[in-house]
2 protein chains.
Amino acid sequence: MFKDMPREMLYAFARQNVPCVGFNVRRATRLVTQFYDRALAPAGLRSTQFSLLNVLAMVPALRMQDLADILAMDRTTLTRNLKPLLKQGWVKTTVGADRRARMVQITPGGRNVMHGAQPMWEEAQKYITERLGADTWDGVMEDLHRLSMIVEDASVDEAG
Amino acid sequence: MFKDMPREMLYAFARQNVPCVGFNVRRATRLVTQFYDRALAPAGLRSTQFSLLNVLAMVPALRMQDLADILAMDRTTLTRNLKPLLKQGWVKTTVGADRRARMVQITPGGRNVMHGAQPMWEEAQKYITERLGADTWDGVMEDLHRLSMIVEDASVDEAG
DNA sequence: CACAAAAAAGTGTATATACACATAATATGT
DNA sequence: ACATATTATGTGTATATACACTTTTTTGTG
């Protein structure tokens with residue numbers, strides 16, 4: 001049935017028939033992540049790892065939970081995501097003033113590999129923004145953030 | 001440092017400092033998926049599983065690769081994602097006319113659990129679209145698809 | 001101060017994701 | 001028809017994701 005159907009019709013099928021917000025953002029994310037992962041592969045980094053290093057490069061040190069909040073990522077997911085970076089020596093953790101807390105920090109080696117990946121990231125980013133148009137991308141960013149705030153407000157509603 | 005910082009400032013921090021397309025779509029997807037997962041939990045379904053069943057409910061049977069294309073999902077990821085659904089008896093696979101191919105099909109039990117989850121999905125979907133505004137959501141859908149096509153064209157460029 | 005409540009983080013388990021490699025079946029060129 | 005290339009799928013491995021539960025430390029209250 002779909003065997004000889006051109007790619008665009010598969011897109012159309014999915015778009016026209018699955019109106020779910022979640023389905024569509026997940027689908028787009030899979031494609032975008034694959035795209036960045038391929039671009040960053042020569043630098044030995046995955047998309048998530050590159051993002052993590054970028055955030056950590058902006059601050060002196062962050063508590064696990066604060067970093068998780070910035071990333072809108074479950075705390076325990078962050079623990080697992082840090083594992084390969086710790087193994088490579090690209091980040092390190094130290095015990096905080098509050099000895100329950102662990103502070104996460106980028107290492108010189110982490111900055112190094114991050115800078116090495118920068119050109120690949122820039123090329124990938126440029127590829128997208130050029131084709132999307134700067135105005136459109138600004139709009140998408142804005143919309144994604146509105147969407148994010150809506151669903152996080154929802155979880156606050158539930159909890160409170 | 002971030003301990004007493006209000007949530008909106010964390011958003012602002014991430015948004016203003018991490019312009020990466022991939023970072024932002026992944027971040028939004030985490031939040032949206034968490035939202036739908038919570039909504040669908042009473043029905044015993046995850047977001048991905050609900051989407052899978054929905055697509056399968058629209059067609060008589062699909063080859064693995066065609067289904068993977070519709071979902072923009074790696075073929076091997078689909079294999080793993082089908083596993084819990086097969087275990088529950090919500091989908092089944094049969095050998096195709098081409099005996100290399102496996103055809104995937106939703107079962108009556110699968111339709112059942114899908115229909116059971118429908119009200120939860122509708123509520124979650126409505127929560128988002130109402131707050132986002134129908135026009136905005138249409139725009140987001142459109143933009144996500146443009147984004148998707150851009151990055152998939154890129155992978156076709158590479159391969160060809 | 002003693003002790004219960006709360007907070008910060010890790011672990012066990014299950015699903016989600018994709019690449020490299022392997023296997024089986026079909027298509028193709030001579 | 002047969003050898004070879006191609007196609008469809010599965011497996012091994014590694015990372016990404018989050019919930020339930022546990023452990024350690026701090027906070028709050030008498």
Side-chain angles (χ1 to χ4, degrees), chain A residues 2-4 22-23 26-38 40-42 44-52 62-69 71-88 93-104 155 159, chain B residues 2-4 22-23 25-38 40-41 44-52 62-69 71-88 93-104 155 159:
Chain A
F2 284 95
K3 184 139 193 171
D4 302 315
F23 173 82
R26 277 201 309 283
R27 187 179 188 280
T29 293
R30 279 193 293 271
L31 284 166
V32 171
T33 300
Q34 285 164 31
F35 176 70
Y36 278 93
D37 277 351
R38 275 194 302 271
L40 296 174
L45 280 176
R46 304 280 209 89
S47 298
T48 306
Q49 301 172 347
F50 182 73
S51 297
L52 263 170
L62 273 178
R63 294 184 332 137
M64 293 285 294
Q65 184 64 67
D66 288 333
L67 181 52
D69 285 344
L71 302 168
M73 183 181 285
D74 189 272
R75 184 183 54 75
T76 66
T77 299
L78 177 59
T79 299
R80 315 299 163 108
N81 286 355
L82 285 175
K83 212 164 77 172
L85 301 181
L86 285 163
K87 191 174 162 191
Q88 297 281 351
T93 59
T94 53
V95 176
D98 179 338
R99 284 186 315 179
R100 287 172 302 183
R102 293 181 88 63
M103 310 301 286
V104 191
S155 65
Chain B
F2 284 95
K3 186 141 191 168
D4 302 315
F23 174 82
V25 294
R26 277 200 309 283
R27 187 178 189 279
T29 293
R30 279 193 292 270
L31 284 166
V32 171
T33 299
Q34 284 164 32
F35 176 71
Y36 279 93
D37 277 351
R38 273 194 302 271
L40 296 173
L45 280 176
R46 303 279 209 92
S47 298
T48 305
Q49 302 173 344
F50 182 73
S51 296
L52 263 170
L62 274 178
R63 294 184 332 137
M64 292 285 293
Q65 185 63 67
D66 287 333
L67 182 52
D69 285 344
L71 302 168
M73 183 181 284
D74 189 272
R75 185 183 52 75
T76 65
T77 299
L78 176 59
T79 299
R80 315 299 163 108
N81 286 356
L82 286 176
K83 213 164 77 172
L85 300 181
L86 285 163
K87 192 174 161 191
Q88 297 281 351
T93 60
T94 52
V95 176
D98 179 338
R99 283 185 316 178
R100 288 171 301 185
R102 292 181 90 63
M103 310 300 286
V104 192
S155 65

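Letters A, B, ... are given to chains in the order of the sequence lines, protein chains preceding strands, and every chain is numbered from 1. Just so we're clear, the structure is a prediction, and the values are computed from it rather than from any experiment.
Separating the NZ atom of K83(B) from the P atom of dA14(C) is a distance of 10 Å, rounded to the nearest angstrom. Atom-to-atom, CG of D98(A) to P of dG28(D) comes out at 12 Å; the value is rounded to the nearest Å. If you take CG of L82(B) and P of dT17(C), they are 12 Å apart, rounded to a whole angstrom. Rounded to a whole Å, the CG atom of L67(B) is 13 Å from the P atom of dA16(C). Atom CG in L78(B) sits roughly 14 Å away from atom P in dA8(D) (whole-Å rounding). We find that CG of D69(A) is positioned 14 Å from P of dA7(C), with the value rounded to whole Å. What separates CG of D74(B) from P of dA14(D) is a distance of 17 Å, to the nearest Å. Computed from coordinates, the M73(B) CE to dA18(C) P distance equals 7 Å when rounded to whole Å.
Evaluation of the side-chain hydrogen bond (donor to acceptor under 3.5 Å, both in side chains) rule for R26(B) yields S51(A) as partners, not counting sequence neighbours.
Residues Q49(B) and G44(B) come closest through the heavy atom pair OE1-O, 4.2 Å.
Judged by distance alone, with hydrogens and angles left aside, the side-chain atoms of D37(B) form no donor-acceptor pair with the main-chain N or O of R46(B) at under 3.5 Å.
Between A97(A) and R46(A), the residue anchored closer to the 5' end of DNA chain D is R46(A), taking for each the nucleotide with the nearest heavy atom. Residues P84(A) and D37(B) both approach DNA chain D. Their nearest nucleotides, taken by heavy-atom distance, put P84(A) toward the 5′ side.
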Step-by-step side-chain contact (heavy atoms from CB on, under 4.5 Å) determination, M103(A) to T93(A) | CA-CA 5 Å; M103(A) 310 301 286; T93(A) 59; over 6 Å; no

Can you check nucleotides 9-11 of chain D for protein contacts, nitrogen or oxygen pairs under 3.5 Å, and list what you find?
unit_1  : atom_1 : unit_2  : atom_2 : d
dT9(D)  : OP1    : M64(B)  : N      : 3.1
dT9(D)  : OP1    : R102(B) : N      : 3.1
dT9(D)  : OP1    : R102(B) : O      : 3.3
dT9(D)  : OP2    : Q65(B)  : N      : 2.9
dG10(D) : OP1    : R102(B) : NE     : 3.2
dG10(D) : OP2    : T79(B)  : OG1    : 3.0
dG10(D) : N7     : R75(B)  : NH1    : 2.8
dG10(D) : O6     : R75(B)  : NH2    : 3.0

Using a 3.5 Å cut-off and no angle test, enumerate the donor-acceptor pairs between side-chain atoms of residues 74-83 of chain A and protein atoms at least two apart in sequence or in another chain.
unit_1 : atom_1 : unit_2 : atom_2 : d
D74(A) : OD1    : T76(A) : N      : 2.9
D74(A) : OD1    : T76(A) : OG1    : 2.6
T79(A) : OG1    : R75(A) : O      : 3.3

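Expressed to the nearest 0.5 Å, how far CE of M73(B) lies from CD of Q34(A) amounts to 9.5 Å.
Applying the 4.0 Å criterion to OP1 and OP2 of dT17(D), one finds that N81(A) has a side-chain N or O inside that range.
Counting heavy atoms from C-beta on, the side chains of R30(A) and L71(B) come closer than 4.5 Å.
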